[in-house]
Amino acid sequence: MTRLAMAIDLASCVGCAACSIACKMENEVPMGVHRLWIRNTTLGTFPNLAIEHRPEQCLHCENPPCVPVCPTGCCFVRADGIVDIDVKKCIGCSACIAACPYDARYMDPKGYVSKCDFCKHRVAEGRVPACVETCPTLCRSFGDLDDPNSPVSVALRNATRVDVLRPGLGTEPKLFYLNTPAKFGLVGERGGAA
């Protein structure tokens, strides 16, 4: 079985947005919407402040709440674990947008819902997603969670801390945040080791 996943080492992310730009260019994402964005959060109390740069995108959940609400079946989970959309079946009802607790979907101006698909066209060619390939600090890793030697499995194993967004929702995201200092942990957003 294959379960594709991504990990982002927040200790290495500098918030440069190269990943977001690469995503927009690779996937021809229209102006005004994003498949991937950087959330910059100021943490602490003056004068002891810090900034966390956290890239966000579709989390390709094991239990995606967006899939069961789709009336046409255009939202589905592929055999490799990618949560995908068949745009030919999408009627633009936005039910999946409302169901996603991570705000990771958007309405394309052409009338269908879109989101990160881990650059499935690149994955089909044996390549990594554009965001992974472009990152200048190499903070992103991608691969099969069921392969102990894949880059993502190695990164998860070597991390001092592994978090996911909103773990209490039970969606079991396959986008992991690594090495976030404990002081950066946002209450209600993340939880301990995955």
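Note: hydrogens, waters and symmetry copies are ignored here, and every other heavy atom, side chains too, is used. Positions are given from 1 along the sequence.
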Approximate separation, where rounding is to 0.5 Å, of Asp9 CG and Phe176 CZ: 14.5 Å
Criterion side-chain contact (heavy atoms from CB on, under 4.5 Å) on Thr2 and Leu145, from CA distance to verdict: CA-CA 7 Å; Thr2 300; Leu145 287 175; over 6 Å; no
Pairwise side-chain contact, Ile82 with Val77, heavy-atom cut-off 4.5 Å (strictly under): no
Please walk me through it: do Leu4 and Val123 pass side-chain contact (heavy atoms from CB on, under 4.5 Å)? CA-CA 10 Å; Leu4 294 177; Val123 170; 3.8 Å; yes
Residues pairing under side-chain hydrogen bond (donor to acceptor under 3.5 Å, both in side chains) where one sits in residues 88-101, two or more places apart or in two chains, turn out to be none
Side-chain heavy atoms of Cys116 within contact of Cys23, under 4.5 Å: no
Note, Asn27 side chain near Cys119 side chain (heavy atom, < 4.5 Å): yes
With a 4.0 Å cut-off on N to O distance, would you call Glu56 and Arg54 a salt bridge? yes
For the pair Arg161 and Asp163, find out whether any cationic side-chain nitrogen is under 4.0 Å from an anionic carboxylate oxygen. yes
Please round to the nearest 0.5 Å and tell me the distance separating atom NZ of Lys174 and atom CE of Met6. 12.0 Å
Between Asn48 (side chain) and Gly44 (backbone), is there a donor-acceptor pair under 3.5 Å? no
Out of curiosity, Arg105 CZ to Cys100 SG, how far, rounded to the nearest 0.5 Å? 6.5 Å
Would you mind telling me which of Phe118, Phe142, Tyr102 makes a ring pair (Phe, Tyr, Trp, His ring centres under 6.0 Å) with His60? Phe118
Atom CG in Asp108, atom CZ in Arg35: separation rounded to 0.5 Å? 8.5 Å
Do Lys115 side-chain atoms and Asp84 backbone N/O form a donor-acceptor pair below 3.5 Å? no
Grouping I, L, V, M, F, W and Y whenever their side-chain heavy atoms are under 4.5 Å apart, do Ile85 and Leu36 come out in a common cluster? no
Are Cys135 and Cys19 close enough, and set up right, to give a side-chain contact (heavy atoms from CB on, under 4.5 Å), and what steps lead you there? CA-CA 6 Å; Cys135 179; Cys19 55; 5.6 Å; no
I need the Glu172 CD to Asn63 CG distance, nearest 0.5 Å. 5.0 Å
Would you call Glu62 and Arg3 a salt bridge, taking side-chain N to carboxylate O under 4.0 Å as the test? yes
Can you tell me how far apart OG1 (Thr171) and CG (Leu59) are? Round to the nearest 0.5 Å. 6.5 Å
Ignoring hydrogens and geometry, is there a side-chain-to-backbone donor-acceptor pair from Thr42 to Ile51 under 3.5 Å? no
Can you tell whether the side chains of Arg122 and Glu26 come within less than 4.0 Å, N to carboxylate O? yes
May I ask you to test the Ser12-His53 pair for a side-chain heavy-atom distance under 4.5 Å? no
Taking it one step at a time, do Leu175 and Gln57 satisfy side-chain contact (heavy atoms from CB on, under 4.5 Å)? CA-CA 8 Å; Leu175 176 67; Gln57 62 197 66; 3.8 Å; yes
Under 4.5 Å between any side-chain heavy atoms of Pro136 and Cys16, yes or no? yes
Please determine if Lys120 and Asp80 form a salt bridge, counting it only when a charged side-chain N lies under 4.0 Å from a carboxylate O. no
